[in-house]
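Atom set for the values below is all heavy atoms of this structure, side chains included, hydrogens, waters and symmetry mates excluded.
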Protein chains: 2
Amino acid sequence: MCPVPKLVDHEARRRDVAHAVWRVVRREGLDGASVRAVAVEAGLSTGSMRHYFDGQADLQRTAMEELTARVGARLAGLDPSGRPPEVARRIVAELLPLDDERQAEAEAWFAFVARARTDEAFRELANRSYEGLRALVRQIVALAQGVDLEMTPDAEPPEVDEVEVERLFALLDGLVLHAVQRPGLVPAETLLAVVDRHLKGLIDGG
Amino acid sequence: MCPVPKLVDHEARRRDVAHAVWRVVRREGLDGASVRAVAVEAGLSTGSMRHYFDGQADLQRTAMEELTARVGARLAGLDPSGRPPEVARRIVAELLPLDDERQAEAEAWFAFVARARTDEAFRELANRSYEGLRALVRQIVALAQGVDLEMTPDAEPPEVDEVEVERLFALLDGLVLHAVQRPGLVPAETLLAVVDRHLKGLIDGG
DNA sequence: TCTGTTCTAGCACGGTCGTGCGAGAAAGTG
DNA sequence: CACTTTCTCGCACGACCGTGCTAGAACAGA
């Protein structure tokens with residue numbers, strides 16, 4: 001009856017393998033993310049991965065959850081100080097694939113979202129992210145129109161024009177989609193120019 | 001040496017099977033569009049389909065081409081008369097999934113586009129459609145800003161602000177993406193309200 | 001009728017997949 | 001050292017897939 005020796009950090013291992021899933025998904029699509037392919041990418045054997053994942057569903061779901069957690073952590077780490085319109089611009093810029101790392105995340109993310117349409121296992125997480133992003137965009141619209149979120153309670157969503165929320169939300173998703181669809185052909189300056197133009201109209205109009 | 005008897009219309013048959021592909025893709029995703037599944041959906045046997053398609057690649061590519069042809073035909077059939085801003089609004093409304101038929105088309109379309117990112121066989125057609133839509137959106141922006149396209153030669157694209165083109169293009173793709181992502185939860189009125197708001201800003205600002 | 005062509009149906013092969021399993025290596029404790 | 005637990009590896013099974021193939025049905029002309 002020995003005290004349990006912990007040889008490897010399971011959580012860290014699961015995270016590493018999740019990153020391997022992202023790379024495979026980006027390169028070959030979610031269909032190509034077979035257990036064998038991910039094992040090769042992660043430098044493991046298929047049998048070895050079974051000690052950390054219950055199966056392919058657990059593997060892919062974990063990779064998707066890790067992705068949302070990563071994006072969420074980056075958003076939570078943003079500097080909330082400054083005039084409201086400047087904060088709004090900062091958050092928007094964080095949502096765009098302005099560098100390679102976020103481009104890779106966006107490409108993998110859309111693969112998961114695409115599958116969520118026909119696979120229940122991914123749907124709930126996709127819907128939660130969708131609602132979370134919509135709430136964030138609602139705050140961005142409020143910020144752009146000069147509302148200071150520090151003054152309003154977190155529980156209550158700010159009162160804003162829902163048409164403008166959907167307009168900005170769709171614009172952002174469309175920009176990311178275009179960057180994903182044509183990697184390297186949508187420069188960062190274009191993305192920023194478009195959102196700056198949009199935010200300008202939002203500020204002037206509100 | 002008989003005169004060749006033509007028992008079935010090959011083109012019509014290929015079209016019917018392509019529609020069966022759409023239904024399977026909508027229901028189970030592009031991964032689920034196996035030759036066997038499409039054969040069942042179309043009421044044929046796998047061996048019988050080989051008389052009309054060279055293989056799975058031909059099958060899926062044909063389904064995607066048929067989809068672009070269908071959308072293109074609908075756009076070509078639009079009434080081009082009226083004041084430019086009204087024509088612009090008419091074209092935009094045609095691009096949105098306002099009824100079940102176009103919703104189904106949009107869902108299948110995004111499945112093909114998603115695969116095009118990692119599968120060369122679909123990439124060329126996806127890129128062509130992307131460029132075609134971008135050119136169309138450029139014309140819409142010109143129309144919204146009062147330019148009468150009848151006065152400008154077809155060969156030369158209208159001179160418009162490319163930032164506005166990308167902004168409207170991304171907005172439209174984002175709206176369609178949201179409708180695809182959450183079927184039934186994005187009502188037609190919302191889609192129209194958003195594009196009307198956007199076109200209004202485009203007209204006033206230009 | 002007979003003949004040649006088109007079309008249909010389904011089987012069989014080779015390949016990939018997810019997954020369960022067991023043997024052996026590695027590491028920590030007595 | 002022995003002993004237990006953790007970890008790694010690769011094989012094997014059954015399922016599904018794309019595809020080639022063959023035998024027969026359906027049909028148009030002679």
Engineer: Just do the salt bridge (charged side-chain N to carboxylate O under 4.0 Å, His left out) check on B/Arg14 and B/Asp58 with the steps written out, would you?
Structural biologist: CA-CA 10 Å; B/Arg14 283 169 65 91; B/Asp58 183 28; 3.5 Å; yes
Engineer: Using atom CE of B/Met49 as one end and atom P of D/dG20 as the other, report the distance to the nearest whole Å.
Structural biologist: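 That distance rounds to 13 Å.
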Engineer: What's the CG-C1' distance between B/Leu44 and C/dA9, to the nearest Å?
Structural biologist: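 So the CG-C1' distance, B/Leu44 to C/dA9, works out to 11 Å.
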Engineer: Ignoring backbone atoms, test whether B/Arg13 places a side-chain nitrogen or oxygen under 4.0 Å from the OP1 or OP2 oxygen of C/dT8.
Structural biologist: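 So the side chain of B/Arg13 is within the cut-off, an N or O lying under 4.0 Å from OP1 or OP2 of C/dT8.
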Engineer: Would B/Arg13 and B/Asp16 satisfy salt bridge (charged side-chain N to carboxylate O under 4.0 Å, His left out), going step by step from the backbone distance to the final call?
Structural biologist: CA-CA 5 Å; B/Arg13 178 77 96 183; B/Asp16 289 344; 5.9 Å; no
Engineer: Under 4.0 angstrom, heavy atoms only, what part of the nucleic acid is B/Phe53 near: base, sugar-phosphate, or nothing?
Structural biologist: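 Contact class for B/Phe53: none.
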Engineer: With nearest nucleotide decided by heavy atoms, which residue, A/Asp54 or A/Ala37, maps closer to the 5′ end of DNA chain C?
Structural biologist: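 It is A/Ala37 whose nearest nucleotide is closer to the 5' end.
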Engineer: To the nearest Å, how far apart are B/Arg14 CZ and C/dC7 C1'?
Structural biologist: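 That distance rounds to 16 Å.
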Engineer: Tell me whether the rings of B/His178 and A/Tyr130 are parallel (<30°), tilted (30 to 60°) or perpendicular (>60°).
Structural biologist: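 Judged by the thresholds at 30° and 60°, the geometry between B/His178 and A/Tyr130 is perpendicular.
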Engineer: To the nearest angstrom, how far is A/Arg50 atom CZ from D/dC7 atom C1'?
Structural biologist: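 So the CZ-C1' distance, A/Arg50 to D/dC7, works out to 15 Å.
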Engineer: Give a yes/no on whether any side-chain N or O of B/His51 is located under 4.0 angstrom from OP1 or OP2 of C/dA9.
Structural biologist: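 Looking at the OP1 and OP2 atoms of C/dA9, neither is under 4.0 Å from any side-chain N or O of B/His51.
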Engineer: Taking only Lys NZ, Arg NE, NH1 and NH2, and the carboxylate oxygens of Asp or Glu, determine whether B/Arg115 and A/Asp31 approach each other closer than 4.0 Å.
Structural biologist: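 Salt bridge present between B/Arg115 and A/Asp31.
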Engineer: Answer with base, sugar-phosphate or nothing: what part of the nucleic acid does B/Gly47 contact at a heavy-atom distance below 4.0 Å?
Structural biologist: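 Base contact.
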Engineer: Any side-chain N or O of A/Tyr52 below 4.0 angstrom from OP1/OP2 of D/dT6?
Structural biologist: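 Answer is no, no contact under 4.0 Å.
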Engineer: At 4.0 Å (heavy atoms only), tell me whether B/Ser34 reaches a base, stays on the sugar-phosphate, or touches nothing.
Structural biologist: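 The residue B/Ser34 makes sugar-phosphate contact but no base contact.
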Engineer: Can you tell me how far P of D/dG20 sits from CZ of B/Arg36, to the nearest Å?
Structural biologist: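 Taking CZ of B/Arg36 and P of D/dG20, I get 13 Å after rounding.
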Engineer: Among C/dC11, C/dT8, D/dA12, which is the nearest nucleotide to the side chain of B/Thr46?
Structural biologist: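 Within the option list, the nearest is C/dC11.
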Engineer: What is the ring orientation for B/His198 with A/His198, classed by angle as parallel under 30°, tilted 30 to 60°, or perpendicular over 60°?
Structural biologist: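 The rings of B/His198 and A/His198 lie parallel, inter-plane angle below 30°.
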Engineer: Closest to the A/Ser45 side chain: D/dC9, C/dC7, C/dG18?
Structural biologist: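 Closest nucleotide among those given: D/dC9.
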Engineer: Starting at NE2 of B/His10 and ending at C1' of C/dT8, how long is that distance when rounded to a whole Å?
Structural biologist: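 For the pair B/His10 NE2 and C/dT8 C1', the rounded distance is 12 Å.
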